[in-house]
Amino acid sequence: MSVLSILKERGFIEDLTHTEELEDYLTNNRATCYIGFDPTAASLHVGSLVCIMALVHMQRHGHRPIALVGGGTGLIGDPSGKTELRKIITQEQIDGNKKGIKNQLARFLDFSDDKALLLDNAQWLTKLEYIPFLRDIGRHFSVNRMIKAESYKARMDSEDGLTFIEFNYMLLQAYDFMQLGKSYGCFLQMGGSDQWGNIVAGVDLIRRTVGKQAFGITFPLITTASGIKMGKTHKGAVWLDAEKFSSYEYYQFWVNTDDADVVKFLALFTFLPMEEMKQVKHLEGADLNKAKAILAYEATKICHGEDAAIKALQASVSMFGSLEISNDLLPGSSIPRGTHCVTSDNSVPSSSYTKKDIGKIPVVDLFMNVGLCKSKSDARRLVKQGGAYINGNRIAVFDQMILENDVKDNAILLRAGKKKYHKIILN
RNA sequence: GGUGGGGUUCCCGAGUGGUCAAAGGGAUCAGACUGUAAAUCUGACGGCUCAGCCUUCGGAGGUUCAAAUCCUCCCCCCACCA
């Protein structure tokens with residue numbers, strides 16, 4: 001089965017250029033393809049996961065993926081899909097962010113022996129000279145056409161307008177593609193559906209300057225069944241960096257998937273065979289939660305490794321109760337089968353306190369210090385509304401102190417609302 | 001450069017001297033119901049030493065017993081014209 005059919009089958013394809021030629025190209029060549037990543041944060045988040053997974057699929061089929069970090073374009077900011085002017089960030093920030101992104105991508109892609117490349121467009125963009133650029137590249141672009149591009153149109157119509165540097169983004173991205181084509185034989189660019197205009201511009205530029213056929217693929221914008229762009233939680237973005245978003249929280253994020261999205265997400269974010277997913281469609285009620293556990297397990301395994309996934313699974317079980325995974329449910333998954341029972345060993349977020357603090361700290365302070373609440377008022381409110389628990393017992397008064405008999409096995413388990421836990425370990 | 005319209009709590013957006021910590025909606029959070037889902041209902045949603053107090057309505061001054069609301073200057077945004 002060709003990569004293209006696989007991507008299509010798993011729901012990755014929104015749009016593509018030259019369907020048949022691209023199919024040929026991918027079956028007869030060891031293709032090099034690229035996706036750009038913005039270095040605006042030190043970590044990638046779930047929003048980029050579709051792109052990352054697509055690159056992994058390409059690599060699994062013997063093609064060579066390039067992750068292009070936009071060190072040069074990051075200095076400008078892409079207006080696509082943005083409703084307002086993006087903050088321009090400094091070179092130092094970009095450099096720092098680049099390192100983080102590299103580390104994360106290395107968890108998904110094999111960079112050994114140039115099986116995948118990580119490049120930075122600052123390499124060539126910062127060397128550009130204005131006049132030659134206008135003469136060699138700018139002449140190929142029609143402003144009339146550019147302003148019709150969806151990415152610009154929205155901004156042209158909005159009150160905020162579009163600045164000239166943002167307007168140039170399309171040319172720079174097209175130039176990137178051309179550079180990658182010339183220097184690395186890369187003639188396929190992929191990206192989110194908001195990148196269509198930029199990708200097509202690159203395809204055109206390559207045809208006009210290099211005289212070669214280039215291709216583009218865009219992925220759909222993944223929204224949850226409730227219509228919200230996926231990847232946002234109470235904590236903001238769901239980061240792929242374990243420091244910013246623990247593997248337990250990452251696992252929980254996936255477990256909390258909307259019923260209607262389970263199959264879609266299994267296809268996009270795991271490598272489990274498509275035929276196995278057919279049975280998941282028929283699951284209902286509590287049984288569907290088992291499929292969610294597998295989705296969470298697989299997604300966590302891909303991003304944080306198998307050990308982290310098992311730990312997250314155990315932590316989840318000890319918080320939310322035992323879970324039985326039968327042998328015939330999604331057999332392709334390496335999730336440990338059988339019944340998972342509550343154990344003491346888990347990897348719930350925790351912090352350490354000394355024993356002498358007992359009896360001195362009001363619970364409200366504890367909830368705040370530990371990060372479960374953002375202010376004392378917030379904690380007070382939580383208690384008042386009955387959402388604060390110690391070891392599973394609801395706290396009745398906000399000025400309650402932590403006492404000796406709250407300590408169990410040298411630890412205290414705090415809970416805010418239904419799903420947020422934090423463990424206090426005493427020493 | 002000219003003319004007009006704006007900048008309100010996470011976002012949108014009401015509010016034009018006291019009844020304003022500021023309507024309404026969204027987002028978010030808690031409770032109920034559940035399956036760690038969705039939908040629904042209820043409540044909360046600046047901070048604190050919490051039946052009270054303190055700090056907020058672009059910024060700095062001023063008028064007033066009292067200002068998000070009036071005056072002055074400044075900064076920023078938008079539209080149209082040049």
Side-chain angles (χ1 to χ4, degrees), chain A residues 82-87 155-163 223-238 246 248-266 280-297 299-300 312-325 329 340 342 346 348-349 360-365 367-369 371-390 392-401 413-422:
Chain A
K82 306 289 181 309
T83 48
E84 53 190 56
L85 175 60
R86 183 189 286 171
K87 298 267 183 303
R155 289 288 298 275
M156 298 283 288
D157 295 342
S158 86
E159 283 197 334
D160 299 314
L162 183 70
T163 65
T223 52
T224 64
S226 39
I228 301 163
K229 190 172 175 182
M230 84 170 282
K232 298 279 180 200
T233 66
H234 64 280
K235 280 195 140 187
V238 176
S246 75
Y248 169 72
E249 290 171 296
Y250 191 76
Y251 179 95
Q252 283 301 320
F253 166 74
W254 292 104
V255 168
N256 285 314
T257 295
D258 200 300
D259 280 13
D261 291 325
V262 177
V263 175
K264 182 163 105 185
F265 287 2
L266 279 168
V280 176
K281 279 184 193 148
H282 306 299
L283 294 180
E284 281 183 346
D287 287 336
L288 189 53
N289 284 351
K290 294 172 186 174
K292 289 184 188 179
I294 294 179
L295 165 66
Y297 175 84
T300 308
L313 168 67
Q314 284 167 350
S316 176
V317 163
S318 55
M319 293 299 120
F320 296 100
S322 60
L323 176 77
E324 192 201 332
I325 304 285
L329 181 64
H340 296 272
V342 179
N346 58 54
V348 169
K360 288 182 191 155
I361 305 181
V363 286
V364 213
D365 288 340
F367 272 80
M368 185 178 74
N369 294 342
L372 248 22
C373 296
K374 57 176 186 285
S375 71
K376 257 189 201 178
S377 297
D378 195 30
R380 201 182 269 263
R381 209 174 288 137
L382 186 74
V383 173
K384 201 159 106 192
Q385 296 182 136
Y389 299 81
I390 292 179
N393 302 316
R394 185 175 276 179
I395 300 169
V397 242
F398 67 84
D399 50 0
Q400 189 172 320
M401 294 284 169
L413 186 64
L414 303 180
R415 187 180 126 201
K418 259 175 277 194
K419 299 179 196 170
K420 282 171 288 175
Y421 288 89
H422 195 100

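Convention: sequence-line order gives letters A, B, ...; per-chain numbering from 1.
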Strand-adjacent residues in residues 290-297 of chain A, judged by heavy atoms under 4.0 Å from RNA chain B: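 Under 4.0 Å from RNA chain B: A:Lys292.
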At a cut-off of 3.5 Å, list every protein nitrogen or oxygen paired with a nitrogen or oxygen from nucleotides 44-47 of chain B, distance to 0.1 Å.
residue : atom : partner  : partner atom : Å
B:rA44  : O4'  : A:Gln385 : OE1          : 3.1
B:rA44  : O2'  : A:Arg381 : NE           : 3.4
B:rG47  : OP1  : A:Ser375 : OG           : 2.9
B:rG47  : OP2  : A:Arg381 : NH2          : 2.9

Go through the structure and list residues passing side chain to side chain donor-acceptor pair (under 3.5 Å) with [X], not counting sequence neighbours.
| X | answer |
| --- | --- |
| A:Lys384 | none |
| A:Asn369 | none |
| A:His422 | A:Ser351 |

Could you list the residues that satisfy ring-ring contact (aromatic ring centres under 6.0 Å, His included) with A:Tyr251, not counting sequence neighbours?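 Listed in chain order: nothing, the list is empty.
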Of all residues at least two apart in sequence or in a different chain, which pass the ring-ring contact (aromatic ring centres under 6.0 Å, His included) check with A:Phe320?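 A:Phe320 satisfies ring-ring contact (aromatic ring centres under 6.0 Å, His included) with A:Tyr421 once adjacent residues are dropped.
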Protein-nucleotides 51-57 of chain B N/O pairs closer than 3.5 Å?
none

My understanding is that only residues two or more places apart in sequence, or in another chain, count here; which of them pass salt bridge (charged side-chain N to carboxylate O under 4.0 Å, His left out) with A:Arg381?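 Salt bridge (charged side-chain N to carboxylate O under 4.0 Å, His left out) check on A:Arg381 returns A:Asp378.
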Taking only residues two or more places apart in sequence or in another chain, which ones pass side chain to side chain contact (heavy atoms under 4.5 Å, CB included) with [X]?
| X | result |
| --- | --- |
| A:Asn289 | A:Lys292 |
| A:Lys264 | A:Ile222, A:Asp261, A:Leu268 |
| A:Ala379 | A:Val364, A:Phe367, A:Cys373 |

